[in-house]
Amino acid sequence: MTIPTKYQPKKVEKKWYKYWMDKGYFHAEVDKKRKPFTIVIPPPNITGSLHMGHALNNTLQDILVRYKRMKGYNACWIPGTDHAGIATQNVVEKELLKEGKSRFDLGRERFVKKVWEWKEKYGNRIIEQLKRLGCSCDWERLRFTLDRGCSEAVTETFVRLYKEGLIYRDEYIINWCPRCQTALSDIEVEHKEEKGYLYYIKYPFKDSPKSKVQSPKLKVKTDYRSLITDHRLPDYITVATTRPETMLGDTAVAINPRDKRFKRLIGQILILPVMNREIPLIADDYVDPEFGTGAVKITPAHDPNDFEIGRKHKLPEVRVIDTSGRMTKAAGKYQGLDRYECRKRLLEDLEKKGYLEKKEDYSVPVGRCYRCSTPIEPLISLQWFLKVRDLAKPAIEVVKRGRIRYIPKRWEKIYLDWMEGLKDWCLSRQIWWGHRLPVYYCKKSKVQSPKSKVKECPPIVARKKPKKCPKCGNRNLVQDPDVLDTWFSSALWPFSTLGWPKKTKDLEYFYPTSLLITGHEIIHLWVARMIKMGLRLMGDIPFSEVYIHGIVRDKKGKKMSKSLGNVIDPLDIIAEYGTDALRFTLASSCAQGQDLQLFDEKFTSSRNFANKIWNASRFVLMNLTGFPPITDHRSPITDLTLADRWILSRYNRTVKEVTDSIENYRISEAAQSLYQFIWHEFCDWYLEMIKPRLYQQEEAIELSSNRAIKTGKLANRQTGKPANLSSKEVVQYVMWHVLEGILRLLHPFMPFVTEEIWQALKRHTQMTADINADDRRLESIMISSWPEVDKKRIDTKVEKEMALVIEVTTSIRNIRSEIGIAPQKKIEAFLKIRKKDQLKTLEKNATYIRDLARVSRIKMGPGVAKPVPSASAVIGEIEVWIPLKGLIDLNKERKRIMRQTSRIEEELKRAREKLKSTEFLSKAPERIIAKEKEKEKELKERSEKLKKNLKSLQPPVQDPEDPSGSEGQKHRR
RNA sequence: GGGCGGUUAGUUCAGAGGGAGAACGCCUCCCUUACAAGGAGGAGGUCGCAGGUUCAAGUCCUGCACCGCCCA
């Protein structure tokens with residue numbers, strides 16, 4: 001056999017991916033006879049390169065899709081990419097900058113063309129990377145959020161929602177990124193607390209006797225408490241602010257109406273320092289009396305909260321900062337300065353003139369652009385908005401009523417809380433890359449100067465550019481220059497990808513989709529909006545389950561990011577460890593909904609696992625020579641040995657566990673069950689136990705009283721007659737059967753290595769599994785069926801018997817190892833067994849113990865006498881003795897036993913105390929008490945037996961800690 | 001400020017009322033004819049702290065501390 005001893009991922013991954021593609025396994029067509037299982041991919045940005053977050057997200061999707069496909073569903077995973085408006089525009093702008101150009105140098109049309117060129121060149125990089133990850137997406141359905149179909153969907157949606165009165169245009173305060181030069185929605189702003197200052201600034205009262213606007217001589221402090229009793233007008237009021245430069249646009253100072261200190265001052269006029277403008281002192285519930293001095297400055301044009309208060313109190317809106325973050329004419333002498341430079345100068349001026357009372361260290365909330373991290377500036381601007389209230393209502397209902405289920409459930413609350421308090425969604429973006437608004441203006445109206453209050457023709461919202469203005473007949477119409485928020489097209493993704501707004505068969509069959517898998521960071525940006533839009537436009541939920549996975553972190557628990565330099569590139573991992581190792585690591589690390597930490601050792605471990613499967617399979621393949629083809633693997637096999645029945649029982653239990661875990665989205669548990677079963681049961685025990693049967697033929701098999709094993713019977717379903725199989729053939733059958741099943745269970749997690757082996761196995765055995773020989777499903781493990789549990793094979797009694805064999809074997813190995821008996825040396829073992837059933841089990845399976853514990857001869861029975869001296873172990877009522885004569889250092893054995901005894905004594909003490917408690921005896925359930933008594937009895941016996949054994953090891957040890965105790969410290973070999 | 005999650009072996013994590021688990025790492029021995037990316041054995045834990053409920057608490061309740069995230 002020429003199979004290499006190490007699994008080499010590079011040699012197989014490309015081959016099988018191509019095979020799957022060529023065969024068209026990923027593609028799904030409408031097929032009303034089968035149930036669909038549909039997933040839409042969270043479309044990665046075209047600017048993106050596969051990072052661990054993508055790898056996790058897509059591995060999970062692929063596991064589910066492959067699983068469902070094997071389960072017989074018509075599985076359809078719709079892939080695609082996102083045009084990522086601002087992000088992509090920024091990338092291309094940066095490219096241009098290298099040539100010293102800006103997008104304005106090119107002009108809109110040429111710039112957009114350039115972005116498309118960039119997209120053609122680099123936009124599919126991430127798609128290729130997903131293929132390397134093994135994703136079984138239906139690539140024939142690859143979509144792009146800015147392709148023709150999506151554009152059509154976007155236009156249709158905009159027009160429809162406008163006509164329904166949900167989309168409107170208004171002047172409102174929005175988040176503006178001075179770098180990207182565009183408006184942003186509220187959730188595109190990232191808020192962080194940053195180190196800064198809280199400035200206390202004095203605003204003089206106009207009518208205060210001491211207040212002279214020109215040169216105020218203000219008292220250093222005002223005791224506001226005295227204001228309650230003192231009826232004179234104070235000189236000034238102090239306001240606290242983190243952004244002093246905005247004071248230039250202040251149009252009021254506000255206090256809380258219930259604040260006794262200031263109550264009588266309401267309505268007084270203040271003089272805005274430096275600007276010398278008169279502003280009123282107003283009262284509003286919004287003001288928090290605890291913040292700062294209890295009096296806050298109101299800048300309606302540059303703060304969202306102040307904006308609301310301003311509108312409520314009909315305050316003027318003075319815009320002092322422009323769209324590039326510079327001060328406007330309204331800022332007086334500061335005009336033209338950058339907002340931060342202005343802050344500096346203004347503070348100097350305030351200080352000089354005595355207006356600055358103090359500054360305190362303060363943790364300032366700063367909103368930054370989620371694309372370029374520039375501090376955003378709230379500005380009043382004419383934008384398009386979507387009323388979300390009405391859309392949110394049904395979207396809340398479907399989650400509350402359980403039609404859409406979040407996994408884990410706690411995300412439901414977060415979703416609901418957020419949906420309850422929604423502000424309207426600012427849709428328009430002042431960039432060039434994206435879906436142009438389907439809005440046209442009659443040229444007479446002034447798009448550029450929104451201030452104009454002249455009665456103009458209303459904007460025209462239409463699917464196609466109209467020939468003339470329906471109001472005045474003017475033929476000179478221009479389209480709105482703005483584009484829509486990227487997330488607008490993403491919100492339509494589950495149905496735009498299926499052909500909406502056309503009524504397609506795909507839509508009818510695949511919608512609603514089955515499941516959405518994504519990270520929690522886009523619940524608001526994306527998930528919520530898909531639900532709203534799906535309900536509104538399709539009249540149905542877009543998916544019934546949302547699985548939210550965790551975030552990938554590094555070893556220290558930090559989020560992976562380029563700036564921290566702690567990223568692990570999935571492509572590097574694939575290159576070094578193989579795709580399957582990467583996938584298995586991600587799958588087994590992602591405890592449901594929890595964040596996961598990754599580091600090299602985890603990948604090593606998964607790679608080793610792949611290698612383990614590889615080598616176990618090599619072993620099976622090498623030992624299948626002469627194996628007759630099996631026509632039906634469900635044929636009842638009789639006369640199996642304990643090991644056979646045990647592994648079949650464990651295998652079927654594993655099938656059940658893995659299936660249940662996946663069904664409940666407990667992917668890591670499924671992965672761990674497989675790891676445990678394959679490595680520590682199938683490889684460590686079963687394959688080791690069957691070696692003699694495979695290697696040495698019948699004569700070496702000394703399974704007394706089990707004649708049938710020598711001629712196991714396999715019934716042939718076709719003939720109905722039992723086939724006469726040798727013991728070797730039975731083993732071959734069982735190991736083949738279990739391995740083949742394991743591969744199928746493992747396939748969704750490790751698609752490549754399982755396919756490689758499965759194909760080899762198929763060639764070698766002409767296996768037919770539970771599939772007919774002419775069945776197409778035999779072509780590839782990918783389209784084979786998911787293993788089913790054979791309940792009859794699950795046998796608790798067998799598992800118990802095997803556990804006993806394992807325990808005895810382990811106890812002998814333990815003795816050997818701890819007292820240092822050379823591995824090559826064969827020893828004798830004496831087992832005193834009183835229970836008949838245990839004796840029977842061990843007698844029948846003595847050969848396993850002999851082989852696995854390297855024992856030459858085992859003597860067992862109720863009357864077996866202890867050889868003296870001997871090392872010992874106690875397993876329940878069974879005593880194990882290994883004669884030590886001439887073998888070893890007795891002191892080692894004494895210490896070993898003492899260590900064990902003390903551990904048992906400890907447990908025994910606890911059990912006894914529990915059983916002494918009358919309350920425990922009267923209140924605990926029977927079952928528990930019985931169990932506790934059983935435990936006590938067993939521990940007591942074990943302890944006594946061990947003590948007796950210790951005694952027989954004469955002479956007693958003086959100091960257990962002294963290794964140089966008595967005879968023969970050195971026994972080597 | 002409000003909310004959510006976390007705190008269990010050296011590390012990463014399972015465990016959701018009745019005898020503290022896994023993987024990796026570590027230590028000892030072994031190149032035994034599938035695999036040294038391996039095998040056998042072993043050491044290692046007052047389950048964040050303080051109260052409470054209970055016969056019984058990693059597990060339920062309350063409070064606190066620290067770490068992380070989200071929202072304002």
Side-chain angles (χ1 to χ4, degrees), chain A residues 1 3-7 186-187 190-191 193 288 290-291 304-305 365 408 410-411 413-414 417-418 421 520-521 523-524 550-551 553 555-559 577 581 585 588-623 666 668-669 671-673 675-676 679-680 683-684 687-688 691 694-695 809-824 851-854 896 899 907-908 910-911 914-915 917-925 927-929 931-932 934-936 938-939:
Chain A
M1 199 128 308
I3 310 168
T5 59
K6 287 188 170 103
Y7 170 57
D186 290 341
I187 40 181
E190 287 176 350
H191 296 273
E193 304 249 309
D288 173 12
E290 303 295 319
F291 176 80
N305 293 314
R410 68 187 144 92
W411 295 109
K413 193 179 174 310
I414 288 164
D417 285 353
W418 185 74
H520 63 76
E521 66 275 12
I523 290 178
H524 303 329
I551 290 176
R553 297 174 182 285
K555 195 166 188 173
K556 289 174 195 150
K558 289 258 194 288
K559 202 169 162 174
Y577 302 97
T585 301
S588 55
S589 305
C590 69
Q592 198 186 65
Q594 298 293 24
D595 291 350
L596 54 150
Q597 292 181 230
L598 292 180
F599 36 92
D600 276 358
E601 293 90 323
K602 284 195 177 180
F603 300 115
T604 314
S605 150
S606 297
R607 180 207 50 189
N608 294 354
F609 181 50
N611 198 48
K612 187 73 181 177
I613 299 154
W614 179 257
N615 277 296
S617 305
R618 273 179 65 221
F619 174 80
V620 171
L621 282 168
M622 285 193 247
N623 287 289
R666 308 187 78 97
S668 61
E669 287 174 27
Q672 282 157 20
S673 294
Y675 186 100
Q676 177 66 28
W679 199 311
H680 297 303
C683 293
D684 284 354
L687 293 187
E688 292 304 322
K691 276 178 182 173
L694 288 169
Y695 291 159
T809 307
T810 307
S811 72
I812 298 172
R813 283 171 169 178
N814 177 333
I815 291 171
R816 293 188 65 118
S817 172
E818 292 225 333
I819 61 184
I821 299 171
Q824 307 83 0
D851 289 333
L852 298 176
R854 297 204 130 251
R896 202 182 67 90
R899 204 166 56 228
E907 274 186 70
L908 184 59
R910 248 186 297 178
K914 220 169 186 180
L915 285 166
S917 155
T918 50
E919 275 186 305
F920 173 73
L921 293 172
S922 62
K923 287 185 181 166
R927 189 173 57 85
I928 300 298
I929 298 172
K931 213 171 151 190
E932 202 64 29
E934 180 62 32
K935 182 177 144 193
E936 192 225 6
E938 196 195 305
L939 288 170

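Chain naming here is simple, since letters A, B, ... match the order of the sequence lines and numbering starts at 1 in each.
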With K935(A) via salt bridge (charged side-chain N to carboxylate O under 4.0 Å, His left out) - residues at least two apart: E932(A)
Counting only side-chain heavy atoms from C-beta out, which of [options] sits nearest to [X]?
X       : options                : answer
K935(A) : G41(B), G19(B), A23(B) : G19(B)
E601(A) : C31(B), C24(B), G19(B) : C24(B)
S605(A) : U12(B), A23(B), A34(B) : A23(B)
K612(A) : A14(B), A34(B), G42(B) : A34(B)
H680(A) : C31(B), A34(B), A23(B) : A23(B)
E688(A) : G39(B), C35(B), A37(B) : C35(B)
E818(A) : G19(B), A34(B), G41(B) : G41(B)
E669(A) : A34(B), G15(B), G5(B)  : G15(B)
R899(A) : G41(B), G39(B), A43(B) : A43(B)
Y675(A) : C31(B), C24(B), U11(B) : C24(B)

Inter-nucleotide [atom1] distance ([N], [M]), Å rounded:
N      : M      : atom1 : value
G51(B) : G2(B)  : P     : 26 Å
G6(B)  : U59(B) : C1'   : 16 Å
C60(B) : A56(B) : C1'   : 13 Å
A57(B) : A50(B) : C1'   : 15 Å

Answer yes or no: does a side-chain N or O of R813(A) lie under 4.0 Å from OP1 or OP2 of C30(B)? no
So does R910(A) get a side-chain nitrogen or oxygen closer than 4.0 Å to the phosphate oxygens (OP1/OP2) of A20(B)? yes
Cation-pi check, K612(A) onto Y675(A) ring (under 6.0 Å, within 45° of axis): no
Heavy atoms only, 4.0 Å cut-off, all strands: where does [X] land among base, sugar-phosphate and nothing?
X       : answer
D417(A) : nothing
F609(A) : nothing
E932(A) : nothing
R816(A) : nothing
T810(A) : sugar-phosphate
I929(A) : nothing

Just the atom pairs and distances: protein N or O near nucleotides 53-57 of chain B's N or O, under 3.5 Å.
from, atom 1, to, atom 2, distance (Å)
C55(B), OP1, K923(A), NZ, 2.8

Do the side chain of [X] and the base of [N] come within less than 3.5 angstrom through a donor-acceptor pair of N or O atoms?
X       : N      : answer
K602(A) : C24(B) : no
R607(A) : A37(B) : yes
K6(A)   : A36(B) : no

Now, which nucleotide makes the Watson-Crick or G-U wobble pair with A57(B), with each of the two distances under 3.5 Å? none
When the nearest nucleotide of RNA chain B is assigned to N611(A) and to L687(A) on a heavy-atom basis, which residue is associated with the more 5' position? L687(A)
